[in-house]
Amino acid sequence: MPRAAPLERVRNIGIIAHIDAGKTTVTERVLYYTGRIHKIGEVHDGSATMDYMDQEQERGITITAAATTAEWKEHVINIIDTPGHVDFTVEVERSLRVLDGGVVVFDAVAGVEPQSETVWRQADKYGVPRICFVNKMDRVGANFYRTVQMILDRLNATPVVIQLPWGAEDKFEGIIDVIEERSWRYFSDKDQPPKEEAVPDEYASDLKAYRETMCERIAETDDTLMGKFIAEEPLTKEEIYSGLRKATIAGKLVPVLCGAALRNRGVQHLLDAVVAYLPSPMDIPPVTGLDPKTGEELKRKPDDDEPFSGLAFKIVSDPFVGRLAYTRVYSGTLRNGDALLNTTKDGRERVGRLYRMHAAKREEVSEAYAGDIVALVGLKDTFTGNTLCAANAPIILESIDFPEPVISIAIEPKTKADHDKLGDSLQKLSEEDPTFRAHYDEETGQTIIEGMGELHLEVLTERLVREFKVEARVGRPQVAYREAITASTKVEGRYVRQTGGKGQFGHVWLQIEPLERGQGFVFENKVVGGTVPREFVAPTERGARGALEGGGVRGYPVVDVKVTLFDGSFHPVDSSEMAFTFAASMAVKDGLPRCKPVLLEPVMKMDVTTPEDFLGDVLGNLNSKRAQIQGVDANGSLQTIHCYIPLAETFGYTTDLRSLTQGRASSSMEFYRYEEVPNAIADKVEKKERSR
């Protein structure tokens, strides 16, 4: 099967934003105007194409990233529509890892919201070029210019306005093209194309000012254009288009457009901007990876004739075809039946079938090329973040980092039949979602599941019932506490066993010291003179890590610790890897009480938007919940409170907020960091744990 379009006419983009900014509505219009669907579905009535899960349709939110492919003006656009809720941020993270460009959607009323900042930082992390679409220009309170200023102030970006809104709120009629110096009027009939008109007189001065600013910002990114600009020579339209494309791909500028997707306004011009400014796979640097044997850096060009390389970025359990491994093809060609190497797991895989996905629908294809995003069937041991490549050209690509879970609940099956299915179902869910964990607690005899928030775990437990037919009872949410140390110590660990035959001997000296928050676990080998042979260093690290993960003085995992192996001894016959693992584990457990351990709790960054009348009540309630108020912003009659609040204090907060404000306030939050728990609270947590 030949390519659908040359590589330079391929775009891999993600639609990203804060919850309820209109991502799925935008995507639905994109699919309609590109001819991919013939009837527009709406989020509010549960008929949106990309929200195909029952829970997405019922709740009116996107829960899982959905992929599709559309064509526009002889270009192929692979699209991933991502969730906006913070609990499902993993979907944005793994999507951005494999995409070449992003469309960031903003609510023209709310502007830059908390999750807007989160997805922007995620895009920065992976160097993804972006364009911005200020949506909902037809809503009461819409303010395009305020949103642009917030992009500049809060996101530290350099926005370039290439469209001005023609009116706002109920008078939003169309857009004014700053480059072409023309306006486009839209009509209520979605199938009636916009009408090109002259720029209304009342916008002439604004258009001139924004065009000058646009040309100046583009010229600042290119020496040749800057020379013309300084000489007061006007830039040609061709120079503006090419200069803006280069600057966007380089991440120096961010074009800003506007529209009202629900009323079908601005979407065709957004598609034109995707084609004009976002990169093809050929416009970004070749993907880099490591040779699994030598560690040497390797590169793979986006070329069909290069050896195959790809990254599995999402696993889905499909009830009809089994496990689907969504894969971005970076180089080479992939065919049905190809044998591949999973270099992350050092295993072999064989591709059963290839699918191009359209939300939940599958379109079987015989080949996939560089730049494609496809789903593979038949891979047995491939998971999120694994590298797939040709067996004769091994390479390991950069994987994907996922945040740690911050909340947990106990779950137990209702019947014996459910008990048998629960373990298998939880394993499938954890394969799909790397931020979901499940483990069996030996002390309490309970199965514990962990996730990113109450909604995250609520959705997953509902999936257990609906998709996997497992009836289960769930407990109250529990905070995922951690421990940290505040002092250093040196400690000895000896493991000696003699049972008549070959014995066991391991002996280590370790230094345990605290690290700054967020540093994780660091192990350093400072042994000199071979007192601990090289082959026993890795087992020592495993033992130390295992002891920290197994729980400190209070029984919670210990984080942000550096362990240094600086001395020890061995027996030429009796020493073994197991003996040194046990010796290190014993040493760490002995040393932790001397390191003055403290309890840590997850703290969330929360924004609460409330009418001004209720501001005092909301602030008082937040203060009673140990919130640290960072500031209050006014937006008309609404006040937005920015604060940090311990996760333990947020359970049931939405209900409290509704009762305080007659249901007129809203809140959103995301994980901020772990912080030390005050002694009085730590004592209460300990007593509560002992009573369980």
Side-chain angles (χ1 to χ4, degrees), residues 53-56 58-59 61 63-64 83 85-91 314-319 323 383-384 402-483 549-551 554-557 600-602 604 646-655 669 671 674 685-692:
M53 290 174 60
D54 290 344
Q55 290 193 66
E56 292 179 315
E58 291 167 10
R59 295 171 185 268
I61 62 170
I63 291 170
T64 183
H85 196 285
V86 63
D87 283 14
F88 310 107
T89 189
V90 62
E91 296 287 343
K314 181 178 170 74
I315 302 295
V316 174
S317 296
D318 189 288
R323 285 174 92 248
F383 299 95
T384 301
F402 299 112
E404 289 292 313
V406 296
I407 189 172
S408 66
I409 58 175
I411 184 169
E412 60 180 35
K414 287 186 177 178
T415 68
K416 177 71 168 67
D418 291 323
H419 184 278
D420 295 337
K421 290 189 290 186
L422 181 63
D424 184 52
S425 303
L426 291 176
Q427 183 181 348
K428 287 180 178 176
L429 287 174
S430 60
E431 286 178 3
E432 289 187 22
D433 185 347
T435 58
F436 172 70
R437 310 268 176 84
H439 69 272
Y440 183 74
D441 190 321
E442 296 283 353
E443 291 184 9
T444 63
Q446 293 177 311
T447 298
I448 306 295
I449 58 175
E450 300 176 297
M452 299 305 296
E454 288 183 271
L455 180 62
H456 186 205
L457 293 182
E458 186 183 320
V459 165
L460 289 170
T461 49
E462 277 192 38
R463 285 188 64 192
L464 281 174
V465 175
R466 296 186 183 199
E467 295 178 31
F468 298 98
K469 312 300 180 193
V470 178
E471 293 289 341
R473 288 184 287 264
V474 296
R476 287 176 56 79
Q478 300 291 327
V479 177
Y481 290 103
R482 298 285 186 266
E483 290 182 48
E549 290 174 351
R554 293 179 173 89
Y556 297 107
L600 303 179
E601 64 181 344
M604 313 302 285
L647 177 66
E649 303 287 350
T650 66
F651 297 145
Y653 179 70
T654 304
T655 305
M669 65 179 182
F671 175 69
Y674 273 91
V685 171
E686 278 195 79
K687 288 176 184 175
K688 189 177 178 182
E689 284 297 311
R690 288 197 201 102
S691 65
R692 285 176 66 191

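What you see is a predicted model; the values in this text were computed from it and never measured.
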Taking every heavy atom of V316 against every heavy atom of K314, the minimum-distance pair comes out as CG2-CE, 3.7 Å

What is the distance from atom CG of L460 to atom OG of S430, rounded to the nearest 0.5 Å? 10.0 Å

Output all residues satisfying salt bridge (charged side-chain N to carboxylate O under 4.0 Å, His left out) with K421, sequence neighbours left out; order by chain, then residue number. none

Distance check, rounded to the nearest 0.5 Å: E601 atom CD versus Y556 atom OH? 11.0 Å

Are the side chain of E412 and the backbone N or O of R473 linked by a donor-acceptor pair below 3.5 Å? no

With side chains defined as the heavy atoms from C-beta onward, is the minimum distance between F671 and M604 less than 4.5 Å? yes

Would you check if I449 and L429 make a side-chain contact, meaning some heavy-atom pair closer than 4.5 Å? no

Smallest separation among heavy atoms of G475 and I409, with atom names: O-CG2, 3.8 Å

E467/K428 ion pair, N-O < 4.0 Å: no

Just by distance, no angles: are the side chains of S317 and E432 close enough, under 3.5 Å, to form a donor-acceptor pair? yes

Applying salt bridge (charged side-chain N to carboxylate O under 4.0 Å, His left out), name anything that partners R482, two or more places apart in sequence or on another chain. none

Contact between R323 and I315 at the side-chain level, heavy atoms closer than 4.5 Å - yes or no? yes

Separation between NZ of K414 and CG of L422, rounded to the nearest 0.5 Å: 13.0 Å

Nearest heavy-atom pair of P405 and Y674: which atoms, and what distance? O-OH, 4.0 Å

Could you check if a side-chain atom of F468 sits within less than 4.5 angstrom of a side-chain atom of D424, using non-hydrogen atoms only? no

Heavy-atom check, side chain of F651 versus side chain of V479, under 4.5 Å: yes

Please examine the side chains of E454 and I407, heavy atoms only from C-beta on, and report whether any two atoms are closer than 4.5 Å. yes

With side chains defined as the heavy atoms from C-beta onward, is the minimum distance between H456 and T435 less than 4.5 Å? yes

Gap separating the CG atom of D418 from the CG atom of L464, nearest 0.5 angstrom: 10.0 Å

Flag yes if more than 12 heavy atoms outside H439 fall under 6.0 Å of its NE2 atom; otherwise flag no. yes

